[in-house]
Amino acid sequence: VVTFTTIIDGFCKVGKIKEAFMILGVMVKSHCSADLVTYNKFLDALCKSGKISTALKLFYYIKKKGCAPTVYTYTKIVHSLCKHGKIDEACTIFDMMVKNHCSADLVTYNIMLDSLCRAMKFLEACQLIDNISKKRLLPDVYTYTTVIGGLCKAGQIVMVMKMLKDHLAKGCALDIVTWNIVLNALCQQSGSNEAYAFLAYMVCNGFCPNLVTYNTLLNSLCKDGKIQQAIRLFVQMPKNGCNPD
RNA sequence: GCGUGCUAG
């Protein structure tokens, strides 16, 4: 199974789904049946190429066959539905997990949380956060970042700043992406001066700007007509190990 | 051998 699945993965990665299905045919003829990892590869490829309805069909086929989809399978489908704005359908699948005794893990929750925030469904997002703690799942960097990103989207910059401070004090996992999200929100909601000051705050806390950090701030400075400041920032990039792209 | 987050184009 591993050999065939690896080949199938190869075809899927380059978008040759039909060829991958042919390998599946060869596989069956060799009396080797596909397992969930194999199916997950197909689902992945189908989802990535936007063929959600085909993916959903395969998903239901897998279930009908008596294979119990794994957390990975469910999560992929949930993610794909979310990405295409089909949050309600994603919720349906999400709820199906409980019924099928395959409980959602942190990745699944993070994905749902992110999609709810993107759709500005903050009430539902809060309920989801409650469920995460009820299930005694420990939030990770993705969770924190998603929550902070959601608050940014809701225009709650003050609360975001409080939360950042709190997380720093508690030593919660944060990374450069978290900071970049806040930086971007500041650029849009408070202007480039605030954002510029925020960069200094970030560096004070031991985080190193990356290419996205620079691009975000440069974009904002240029939009505000602050070309000199932008140039000053631009020339700092190489010595911080960031080559402009 | 499989799943989640940031800017711009």
Side-chain angles (χ1 to χ4, degrees), chain A residues 1-13 20 23-24 27 32 34-48 55 58-59 62 67 69-83 90 93-94 97 102-118 125 128 132 137 139-153 160 164 173-188 192 195 198-199 202 207-223 230 233-234 237 242 244-245:
Chain A
V1 211
V2 177
T3 318
F4 279 113
T5 304
T6 305
I7 308 268
I8 285 172
D9 185 40
F11 278 116
C12 285
K13 277 216 178 87
I23 301 293
L24 184 65
M27 200 173 164
C32 184
D35 68 4
L36 279 163
V37 177
T38 321
Y39 286 126
N40 285 347
K41 297 291 193 184
F42 280 108
L43 285 173
D44 212 32
L46 289 169
C47 289
K48 274 191 189 132
L58 180 59
F59 174 75
I62 294 168
C67 273
T70 60
V71 194
Y72 289 97
T73 318
Y74 279 110
T75 304
K76 260 188 245 279
I77 297 287
V78 166
H79 186 210
S80 167
L81 287 170
C82 284
K83 255 199 314 209
I93 304 287
F94 187 76
M97 296 180 75
C102 174
S103 53
D105 66 7
L106 193 61
V107 175
T108 327
Y109 275 103
N110 287 344
I111 290 168
M112 282 303 299
L113 189 58
D114 188 49
S115 322
L116 288 172
C117 289
R118 282 179 204 272
L128 204 73
I132 292 176
L137 289 171
D140 63 3
V141 203
Y142 287 87
T143 322
Y144 291 129
T145 305
T146 304
V147 171
I148 286 177
L151 287 169
C152 286
K153 192 156 203 300
V160 167
L164 262 184
L174 296 179
D175 65 11
I176 190 64
V177 176
T178 325
W179 291 91
N180 285 345
I181 289 172
V182 180
L183 183 73
N184 191 41
L186 280 173
C187 287
Q188 290 167 352
S192 53
F198 183 75
L199 177 65
M202 182 187 109
F207 289 85
C208 216
N210 67 9
L211 189 59
V212 174
T213 319
Y214 283 112
N215 284 344
T216 304
L217 194 48
L218 284 172
N219 184 244
S220 176
L221 288 168
C222 289
K223 271 191 188 147
L233 193 66
F234 173 76
M237 292 178 66
C242 276
D245 66 354

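Residue numbers begin at 1 in each chain, while the letters A, B, ... track the order of the sequences.
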Tell whether A:Asp175 reaches the base of B:G5 with its side chain through a donor-acceptor pair below 3.5 angstrom.
yes

Separation of B:C2 atom C1' from A:Asn40 atom CG, nearest Å, is 5 Å

Side-chain donor or acceptor of A:Thr108 paired with backbone N/O of A:Asp105 under 3.5 Å: yes

Winner on side-chain proximity to A:Asn215, out of B:U7, B:G5, B:G1, is B:U7

All heavy atoms of A:Ala173 vs all of A:Tyr144, minimum pair found to be O-CD1, 3.5 Å

Open item on the list: A quick test of your reading: do over 12 heavy atoms of other residues, nucleotides or ligands sit less than 6.0 Å from CZ of A:Phe207?
Closed with: yes

Query raised in the report: Does the base of B:G3 carry an N or O that pairs as donor and acceptor with the side chain of A:Thr75 under 3.5 Å?
Result: yes

| query | A:Val182 near the nucleic acid: base, sugar-phosphate alone, or nothing, with a heavy-atom cut-off under 4.0 Å? | reply | nothing

Quick note, A:Val37 side chain, CB onward, closest among B:C2, B:U4, B:G5 is B:C2

Of the candidates B:G1, B:G5, B:G3, the side chain of A:Thr6 sits closest to B:G1

Rounded to whole Å, CZ of A:Phe94 lies from P of B:G3 at a distance of 19 Å

In whole angstroms, the gap separating P of B:C6 from CG of A:Leu183 amounts to 15 Å

From the candidates B:G1, B:G3, B:C6, the one with an atom nearest any side-chain atom of A:Thr108 is B:G3

Check whether any side-chain N or O of A:Ser80 sits under 3.5 Å from a backbone N or O of A:Lys76 as a donor-acceptor pair, and report yes or no. no

To the nearest angstrom, the CG-C1' distance between A:Leu186 and B:U7 comes to 14 Å

Quick note, A:Arg118 side chain, CB onward, closest among B:U7, B:G3, B:C6 is B:C6

Ranking B:G1, B:G3, B:G5 by distance to the side chain of A:Tyr142, first place goes to B:G5

Margin query: Using a distance-only criterion (donor-acceptor N/O pair, under 3.5 Å, no hydrogens), is the base of B:G3 paired with the side chain of A:Asp105?
Written below: yes

- Taking atom types as modelled and ignoring hydrogens, do the side chains of A:Asn219 and A:Thr216 form a donor-acceptor contact shorter than 3.5 angstrom? no

Between the base of B:G3 and the side chain of A:Asn110, is there a donor-acceptor distance below 3.5 Å? no

Against the side chain of A:Val141, the closest entry in B:G5, B:U4, B:U7 is B:G5

